[in-house]
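One structure is given here, and the rest of the page talks about it.
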Amino acid sequence: MARYGMLIDTTRCVSCFACRLACQMKNKLEQDEAFIHFLEKEEGDYPNVKVNILPIQCQHCENAPCMKVCPTGATYKTADGIVLVDESKCIGCKYCVSVCPYNARVEVKRSKTIQKCNFCSSELEKGGEPACVKTCIPEARIFGDLDDTNSEISQEIQKRNAKPILENQGTKPKIYYVNDMNPKSSVNEQVSRLANWRDDLIKPAGGVLLGATAVGLMGNYAVAAISKNKEENQQHEGGEENE
């Protein structure tokens, strides 16, 4: 039995995003739903600057944490090592989302389930390849049997010294990368950037809103006080006229 995996050579990636588009079309995903996302890291100083691209998707881990936390058994692994999701069992609890270190899970609105890359298992049954591999223009992706030492993927992993990412998570991923970027560092940088954006924009905006609310309440109070005084004066004047 084969044990399927993938090699992604980011030094050949040209950021055309054809892999993501092909995946979206194959899985009938919406424009804002994607099983492949990209980490970008700019390195160097002007004019010697380059941008490293790291495509991320489900790693089909041997020790998949998403399988362990799934309360209904919707996430399971096949005999050939592919991690799949049974839509009929998925209840959308998102436990799998919270434990995936690769942020590979996506909520699909059409089925109201949590899905991810499935290595195009339906195509494999026909003897085909994943859509992302067939579509990759610079041939940065190779798919095949990791246990077959004579397979192209096994030989290229050795030749290019490809390595899995985030190995320290203990998930034993089956996607190997050729890249110059530290994905762990990049992930932290992006999270930090989001936190900074929140501190720089959201908190001040919240302060402005609170300030505006306070001013509005004070204004309402002042208007109410003026109206009350005006009514009292009118009543007082009316009483004097009656006398």
Side-chain angles (χ1 to χ4, degrees), residues 2-44 46-61 80-84 100 102-106 108 110 115-146 148-166 173-187 189-190:
R3 186 172 66 92
Y4 289 120
M6 187 180 293
L7 181 150
I8 301 177
D9 189 341
T10 63
T11 63
R12 293 189 177 188
C13 179
V14 296
S15 305
C16 66
F17 298 162
C19 55
R20 179 166 64 186
L21 180 59
C23 177
Q24 288 175 309
M25 294 178 65
K26 172 63 178 176
N27 293 283
K28 300 179 181 179
L29 301 177
E30 297 292 337
Q31 185 176 359
D32 59 344
E33 299 171 347
F35 293 161
I36 303 174
H37 61 277
F38 301 85
L39 296 182
E40 299 182 2
K41 186 179 181 182
E42 184 177 304
E43 295 180 338
Y46 177 83
N48 300 313
V49 179
K50 67 176 181 178
V51 177
N52 287 319
I53 305 294
L54 192 68
I56 302 290
Q57 61 198 73
C58 173
Q59 306 290 302
H60 296 274
C61 306
D80 47 19
I82 300 177
V83 178
L84 298 178
C100 177
Y102 305 98
N103 193 28
R105 292 283 183 152
V106 177
V108 178
R110 171 176 49 83
Q115 296 289 337
K116 60 176 194 60
C117 159
N118 52 37
F119 273 167
C120 292
S121 57
S122 60
E123 292 298 317
L124 299 183
E125 294 174 357
K126 304 174 186 176
E129 290 184 311
C132 60
V133 176
K134 292 190 295 185
T135 310
C136 185
I137 299 171
E139 299 182 350
R141 292 169 176 259
I142 299 175
F143 183 82
D145 184 1
L146 295 173
D148 182 359
T149 56
N150 295 319
S151 67
E152 181 185 7
I153 186 172
S154 294
Q155 293 180 359
E156 290 302 320
I157 286 175
Q158 295 296 323
K159 180 180 177 181
R160 306 186 199 185
N161 194 31
K163 303 289 183 182
I165 57 176
L166 302 185
K174 289 197 285 290
I175 294 185
Y176 289 73
Y177 288 84
V178 178
N179 75 92
D180 299 323
M181 182 170 66
N182 183 338
K184 181 70 174 178
S185 173
S186 179
V187 170
E189 286 177 6
Q190 292 203 9

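Hydrogens, waters and symmetry mates play no part in the numbers below; they use all other heavy atoms, side chains included.
Residue pairs that meet the salt bridge (charged side-chain N to carboxylate O under 4.0 Å, His left out) test with at least one member in residues 24-37, sequence neighbours left out, are K26-E123, D32-K109, E33-K109. Sequence neighbours left out, the pairs with a member in residues 4-35 that pass ring pair (Phe, Tyr, Trp, His ring centres under 6.0 Å) are Y4-F143, F17-F38.
Closest non-hydrogen pair, N27 versus R110, comes out as O-NH2, 3.3 Å. Contact between L29 and A34 at its shortest, heavy atoms only, is CD1-CA, 4.1 Å. Counting all heavy atoms, side chain and backbone alike, A140 lies closest to R12 at CB-CB, 3.9 Å. Residue F119 comes nearest to M6 through the heavy atom pair CE2-CE, 3.7 Å, listed as atom of the first residue, atom of the second, then distance. Counting all heavy atoms, side chain and backbone alike, P55 lies closest to I36 at CB-CG2, 4.3 Å. Counting all heavy atoms, side chain and backbone alike, D9 lies closest to R160 at OD2-NH1, 2.8 Å.
With rounding to the nearest 0.5 angstrom, the CD atom of Q24 is 9.5 Å from the SG atom of C19. Between the CZ atom of R141 and the CD1 atom of I153 there is a distance of 11.5 Å, given to the nearest 0.5 Å. Separation of atoms CD1 (I175) and CD1 (I165) is listed at 8.0 Å; rounding is to 0.5 Å. With rounding to the nearest 0.5 Å, the separation of CG in N103 from NZ in K116 is 13.5 Å. A distance of 10.5 Å separates CD1 of I137 from CD of E139, quoted to the nearest 0.5 Å. If you take CG on D80 and CD on E125, they are separated by 9.0 Å, rounding to the nearest 0.5 Å.
The closest side-chain heavy-atom distance from Q115 to V106 is not below 4.5 Å. The closest side-chain heavy-atom distance from I82 to L124 is below 4.5 Å.
Looking at Y176, its side chain never comes within 3.5 Å of a backbone N or O of G5 through a donor-acceptor pair. Remark: the backbone N or O of D145 is paired with a side-chain donor or acceptor of S151 at under 3.5 angstrom. In this structure, T10 contributes its side chain and L54 its backbone to no donor-acceptor pair below 3.5 Å. At distances below 3.5 Å, at least one donor-acceptor pair connects side-chain atoms of Q59 with backbone N or O atoms of Q57. Side-chain atoms of N48 never come within 3.5 Å of backbone atoms of G44 as a donor-acceptor pair (strictly under, hydrogens ignored).
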Does L39 form a side chain to side chain contact (heavy atoms under 4.5 Å, CB included) with I56? I'd like the steps, not just the answer.
CA-CA 7 Å; L39 296 182; I56 302 290; 4.1 Å; yes

The test is side chain to side chain contact (heavy atoms under 4.5 Å, CB included); show your working for I157 and L146 and say whether it passes.
CA-CA 9 Å; I157 286 175; L146 295 173; 3.7 Å; yes

Determine, step by step, whether M25 and T135 satisfy the side chain to side chain contact (heavy atoms under 4.5 Å, CB included) criterion, reporting the C-alpha distance in whole Å, the side-chain angles of both residues, the deciding distance to 0.1 Å, and the verdict.
CA-CA 12 Å; M25 294 178 65; T135 310; over 6 Å; no

